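As the structure is a computational prediction, the values presented were derived from the model and not from experiment.
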Amino acid sequence: MKITFIADTHHYSKTLGTTGKAYELRSGSDQKCLAETGEIIDSAFKQIAESDTDAVFILGDLSNNGERASHVEFREKLYDLKKSKPVFVITATHDWCCDGNPRRFDGDTVSNDVEVMRSDELPEFYKDFGPAQAIDSFITKIGTICYTVQLGNKLRVLCLNDDKNENDHAGFTEDCWQWIERQIENAKCDGCMIIGAEHHLLMPHISPLIAIGSVCVADRDHVASRFADTGLKYMFVGHSHMQSTAKFTSEKGNTITEVNVGSLCGYPAPIVTVTVNDNDTITYDVDHLKSVILNGREIEAMPFLAKHAANVINRVLECKTKEDFSERLSALQLSGKKLSAYWVIARPILHKLDTMLAYDVYKLLKAFGLAKYVPKAAVQRYHYKPLKDFIDEIFLSVLDGALDTTEKGSDYYELVVGVIRGLSSLKRDADFTEELIKAFDNALTGGEINNQHATI
């Protein structure tokens with residue numbers, strides 16, 4: 001049996017505005033696309049419909065931010081896909097606008113008078129895509145649904161909603177836990193493999209320095225241990241928009257492997273196909289959206305999405321005025337007005353970052369006595385490579401799970417790691433330095449598990 005996982009479609013209805021300064025600031029501050037989501041989803045669903053997968057699972061954040069118009073349009077797309085494949089969805093915080101800040105855009109104006117979906121409306125609204133086909137279900141304290149579906153004779157998928165169900169953080173109440181554990185035990189008794197699916201991560205991928213805030217469930221080690229000790233071996237998640245695979249082993253020695261599926265509507269638009277094997281293992285293969293039709297023209301999806309993602313950083317580096325600096329930082333949900341007070345200092349730094357070459361970075365480190373970790377041979381090879389290119393490449397590698405892996409010991413690897421080690425030595429914290437090096441190592445090499453193809 002084959003099943004497909006996609007995540008974070010974040011469908012945005014064009015009725016909410018697609019032009020003007022306010023929209024451009026919002027769109028330019030996001031790694032994923034906004035106005036283009038409809039066309040991207042249509043192309044991805046067509047690609048999936050033509051594949052040999054047996055079922056499709058969508059791992060939450062179906063809509064941009066809970067707008068009813070976005071949900072209505074997205075559900076119509078689901079009905080079209082359902083003509084070819086069974087479809088099962090999990091909802092998440094962006095499906096009921098948990099931040100209370102729905103937005104539409106008109107010229108320079110941002111308005112909040114947008115009708116949104118309530119969390120307790122979602123199970124009924126999406127009943128044809130999981131809840132109605134479930135063999136068992138549980139309604140959470142916020143009215144969302146967890147459910148189990150049977151696929152074939154020997155496979156079940158546990159679809160979980162973990163939204164603010166425990167102490168206002170991602171997780172599960174005790175009564176939900178008891179229901180979850182029954183599902184896992186029932187699957188064992190019935191001789192079925194069971195695969196878990198939820199939105200938030202159980203464990204930090206790449207590095208705890210990246211998986212901060214609400215990226216993971218609350219008390220993540222406890223939650224991951226409880227799943228592993230109950231017997232769940234596989235979990236598929238979304239949320240972070242990164243393609244990555246990681247393992248967690250509990251104190252009792254039980255291991256759970258988690259595949260973090262990146263956003264469909266942002267680089268690298270992954271479509272993850274899982275083959276269920278006879279020996280109680282699964283094999284995943286990461287494909288990507290091949291093309292999308294925009295403005296009547298078919299274009300390659302990956303280069304378009306990569307450029308859009310990299311522009312999140314480049315737009316800040318290219319700020320020309322104090323007003324640009326303030327607005328673009330505010331669009332990134334930073335304190336733009338406060339930080340713009342430092343524009344006089346920030347402007348030359350941003351300009352330097354925007355124009356520096358690898359050799360300029362080396363000279364700067366050398367001037368401060370921080371270049372001892374940077375091999376001269378690596379500097380010579382990448383002498384004229386712009387710093388901005390390194391930043392873009394590493395950022396995209398974080399998102400795509402090192403689709404183009406960097407070999408340990410290569411000049412590129414040694415140059416990046418040497419610069420990071422030199423800069424981090426200023427902090428005089430050996431543990432922080434090693435964690436930072438580990439993060440860059442994982443971002444460049446992909447880590448211990450192949451993020452694109454593996455049997456687990």
[X] side chain to [Y] main-chain N or O, any donor-acceptor pair under 3.5 Å?
X: E24; Y: T19; answer: no
X: Q47; Y: H288; answer: yes
X: T140; Y: T144; answer: yes
X: D8; Y: H241; answer: no
X: S63; Y: H94; answer: yes
X: D95; Y: G66; answer: no

Checklist line | Residue among L160, T173, I139 satisfying side-chain contact (heavy atoms from CB on, under 4.5 Å) with W179 | finding: L160
Can you tell if the side chain of [X] reaches within under 4.5 Å of the side chain of [Y], non-hydrogen atoms only?
X: R103; Y: L16; value: no
X: L365; Y: L423; value: yes
X: I180; Y: L158; value: yes

Notebook entry, point to check: Do F227 and F248 make the cut of ring centroids closer than 6.0 angstrom?
Noted result: no
Item checked: For I349, side chain to side chain contact (heavy atoms under 4.5 Å, CB included) partners two or more places apart -> I345, L353
Please list every donor-acceptor pair under 3.5 Å in which a side-chain atom of residues 308-315 meets a protein atom from a residue at least two apart or in another chain.
residue, atom, partner, partner atom, Å
H308, NE2, D30, O, 3.1
H308, NE2, K32, O, 3.0
N311, ND2, K307, O, 3.4
N314, ND2, A310, O, 3.4
N314, ND2, D392, OD2, 3.4

Next item on the list: Heavy atoms only: give me the nearest L264-T9 pair and the separation to one decimal.
Entry: CD2-CG2, 3.8 Å
